[in-house]
Amino acid sequence: MTKQFPCYACKVRDVAEIMEVLTIARMYGLSVIAHGAGHSYTDAALNTDGVIIDVTNMRRILSWNPEQGIMQVEPGVTLRDLVRVAMPDGWWPPVTPSTADVTIGGCVAMNVHGKNAWKNGSFGEHLLSLTVLLANGQMLTLSPISHPELFHAFVGSAGLLGIIISVTLQLQRIPSEHVNVRVQPAASLSEILRILHEEQCADYLEAWVDAFASGRSLGRGIVTSTAFCDERNDTGLRLPTPHIPEHFQEGLTRYIGTTCRPFLKSGARIANQGMYWWSKWRGSEHIGHQSLFRSLFYPPAIFTGYRALLPQGTETFQVFVPFSQAEPLFHEILHRSQDHHFIPLWCVIKQHSQDPFLLSYQVDGFSLEVNYQVVPQTVQQLRTMLLKLMDLVIAVGGRFYLAKDSLLTDILYRRSVGDTAVETFLHLKQMYDPEMLFQSDLFRRVFQISLQ
């Protein structure tokens, strides 16, 4: 919500309509990028003065094998669509982000991760194949076995090598539609990281950090560990039914967000303190029985409230660093944010493992995501601080997530992922898209200078 640029938006229903848009774009000398549900935080699917191909109408489930848990879908199918079909048969996507309304094509393009990233890796690691449309009109099926180099470059390439036409993925069998949730308070950053290391038997792990706490309490927070219930349901698993209709939820969160806007920082401070002390009072043995769907996905109304509460948007800064460097670096990010009076409204820590993709952002270690309120009068100072922090992240072998980063430059990105990865990607780009048809604002920000 921090940038707006003009573009030509074309909604397509099939490959024939995509080809028609590509033909028209070439006639007028315009670049093209595919667009899904729009949940990337940055300019990954912005294309200033160019064409955006909206694939959200391409949402057919092409095949489903409930015995093997293999599903083939068009790129506009959402995780919600997928789960609605697969869950009654006892299957679930192995990796999910925090919203069910992302498209599968978007999950592949940004190679998303979830709360089980240290265990199940990234979304791309569970793909059996991709059917893609290249700039020359050729349809190609990629897999880790056939065309492995292009497959591992395509996943996580932000749509810059071609357009995804279909995705075949392997789902995971789950025993229950419910999970047990354990909430543990942690008095410091080191205690959070220790608990995350110890809770390896959990199916999902995430830590929330109180960024307002300082001194000895700097980095305190709550670790949430989630495990599947060991129960069987012979009648099939079911999605939860909303208690309140979604349009009422959205109206309520919009009203709350608008009403609370003047009290945002003080309210966030009180809420952070309240959450931490509530967890201390309940104790680390507190276990809750929850719906799997509700434990992993935010309700859509949350995003309505978010837009009402933060009309200028947020600046998100997510760093991925090796185990040994996580504590001192995360400490420095929180400490420096407080010193510069840019206290993040919410912070999250996850554990990760490295994956095999060319432009991978994951490392064997931890990630810290911090989210700052954007205030027009001070946003430049905020970004200056974050750029300096980027140097510290890169110096310890850290990386950044293109779906959430808006500050990376060509030079910083090269220093982070390495010259070899960037040069290999640009070589493949030259091979499969020599006219540079597929572009986005992210491409011009992070890669374009390398081509000049």
Side-chain angles (χ1 to χ4, degrees), residues 1-5 39-44 46 48 98 189 208-215 218-221 257 260-273 303 305-321 325-326 328-350 361 366-396 398-413 415-416 441-442 444-446:
M1 293 170 57
T2 58
K3 295 179 181 178
Q4 294 183 12
F5 297 105
H39 281 281
S40 288
Y41 290 19
T42 63
D43 52 1
L46 290 179
T48 303
S98 57
L189 189 57
W208 156 87
V209 179
D210 177 6
F212 290 87
S214 58
L218 184 72
R220 74 181 181 189
C260 295
R261 193 185 303 163
F263 316 105
L264 177 60
K265 282 198 172 179
S266 59
R269 181 186 295 273
I270 292 169
N272 274 270
Q273 290 176 347
F303 299 101
Y306 170 90
R307 287 188 289 271
L309 187 63
L310 294 157
Q312 304 294 332
T314 60
E315 191 69 63
T316 297
F317 186 68
Q318 186 172 20
V319 300
F320 298 74
V321 296
Q325 303 297 327
L329 184 64
F330 294 174
H331 187 282
E332 181 63 22
I333 291 171
L334 294 172
H335 184 71
R336 198 172 293 196
S337 296
Q338 292 181 356
D339 278 355
H340 287 78
H341 306 291
F342 293 119
I343 300 178
L345 298 177
W346 69 95
C347 310
V348 174
I349 294 176
K350 296 191 189 84
Y361 56 89
F366 295 102
S367 70
L368 170 67
E369 177 188 331
V370 286
N371 295 272
Y372 303 88
Q373 179 188 12
V374 167
V375 178
Q377 295 86 344
T378 59
V379 68
Q380 196 50 54
Q381 294 97 302
L382 170 63
R383 289 170 180 163
T384 298
M385 179 193 78
L386 295 178
L387 284 168
K388 290 179 180 178
L389 286 171
M390 280 182 159
D391 283 328
L392 300 182
V393 174
I394 293 170
V396 300
R399 296 192 174 190
F400 306 92
Y401 183 27
L402 292 179
K404 292 184 179 179
D405 172 82
S406 64
L407 299 176
L408 276 175
T409 63
D410 165 87
I411 294 171
L412 287 170
Y413 190 61
R415 287 174 54 203
S416 175
D441 289 0
L442 182 148
R444 291 182 283 272
R445 173 168 60 90
V446 175

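Numbers here simply count residues along the sequence, with the first being 1.
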| query | Counting N and O atoms only, with roles assigned by atom type, does the side chain of Thr42 sit under 3.5 Å from a partner on the main chain of Leu402, one being a donor and the other an acceptor? | reply | yes

| Do the side chain of Asp405 and the main chain of Tyr401 share a donor and acceptor less than 3.5 angstrom apart? | no

| message | Could you walk me through whether Leu310 and Leu345 satisfy the side-chain contact (heavy atoms from CB on, under 4.5 Å) test, starting with their C-alpha distance in whole Å, then the side-chain angles of each, then the deciding distance to 0.1 Å, before giving a yes or no? | response | CA-CA 11 Å; Leu310 294 157; Leu345 298 177; 3.9 Å; yes

| remark: Nearest heavy-atom contact between Gly219 and Leu334 is CA-CD1, 3.9 Å

| task | First locate atom NE2 of His331, then atom CG of Leu368, and finally report the distance between them rounded to the nearest 0.5 Å. | result | 12.5 Å

| request: Considering non-hydrogen atoms only, spot the tightest contact between Phe366 and Ile349 and give its length. | output: CD2-CG2, 4.3 Å

| query | Would you say the side chain of Leu442 lies within less than 4.5 Å of the side chain of Arg445, judging by non-hydrogen atoms? | reply | yes

| Gln338 side chain to Ala213 main-chain N or O, any donor-acceptor pair under 3.5 Å? | yes

| note | Between Gln325 and Val396 the two heavy atoms that sit nearest each other are OE1-CG1, 3.5 Å

| If you take all heavy atoms of Gly398 and Val321, which pair is closest and at what distance? | CA-CG1, 4.0 Å

| query | Val374 and Val379: side-chain contact (heavy atoms from CB on, under 4.5 Å), yes or no, with the steps? | reply | CA-CA 6 Å; Val374 167; Val379 68; 3.9 Å; yes

| message | Around atom CD1 of Ile411, are there more than 12 heavy atoms from other residues, nucleotides or ligands closer than 6.0 Å? | response | no

| Residue pair Phe400 / Ser416: nearest heavy atoms and the distance that separates them | CD1-OG, 3.9 Å

| task | Give a yes or no on whether a salt bridge exists between Arg444 and Asp441, defined as a side-chain N under 4.0 angstrom from a carboxylate O. | result | yes

| query | Shortest non-hydrogen contact from Ser406 to Lys3? | reply | O-NZ, 4.2 Å

| query | Counting distance only, does the side-chain N/O of Gln318 pair as donor-acceptor with the main-chain N or O of Val348 below 3.5 Å? | reply | no

| task | Taking side-chain contact (heavy atoms from CB on, under 4.5 Å) as the test, write out the residues that go with Asp339, two or more places apart. | result | His335

| task | Measure the CH2-CD distance between Trp208 and Glu369 for me, rounded to the nearest 0.5 Å. | result | 15.0 Å

| What residues, two or more places apart in sequence or in another chain, satisfy side-chain contact (heavy atoms from CB on, under 4.5 Å) together with Arg269? | Phe212, Gln273, Ile343

| task | Hey, could you give me the CG/CG distance between Asp391 and Leu387, rounded to the nearest 0.5 Å? | result | 8.0 Å

| said: Below 30° counts as parallel, above 60° as perpendicular, anything between as tilted: where do the rings of Phe303 and His39 land? | reply: perpendicular

| Derivation and outcome, side chain to side chain donor-acceptor pair (under 3.5 Å), residues Tyr41 and Thr314 | CA-CA 9 Å; Tyr41 290 19; Thr314 60; over 6 Å; no

| task | Tell me, with the steps shown, if Val375 and Gln312 meet side-chain contact (heavy atoms from CB on, under 4.5 Å). | result | CA-CA 7 Å; Val375 178; Gln312 304 294 332; over 6 Å; no

| said: Would you compute the distance between atom CG of Leu189 and atom CD1 of Ile333 and round it to the nearest 0.5 angstrom? | reply: 10.0 Å

| said: For the backbone of Asp210 and the side chain of Arg220, can you confirm whether one donor and one acceptor N or O come within less than 3.5 Å of each other? | reply: no

| What do the steps show when you test Met385 against Tyr372 for side-chain contact (heavy atoms from CB on, under 4.5 Å), and what is the final call? | CA-CA 12 Å; Met385 179 193 78; Tyr372 303 88; 3.9 Å; yes

| Just how far is it from atom CZ of Arg399 to atom OH of Tyr413, taken to the nearest 0.5 Å? | 8.0 Å

| Checking Thr409 side chain against Leu412 main chain: does a donor-acceptor pair fall under 3.5 Å? | yes

| task | Calculate, to the nearest 0.5 Å, the distance between atoms CD and NE2 belonging to Gln381 and His341 respectively. | result | 12.0 Å

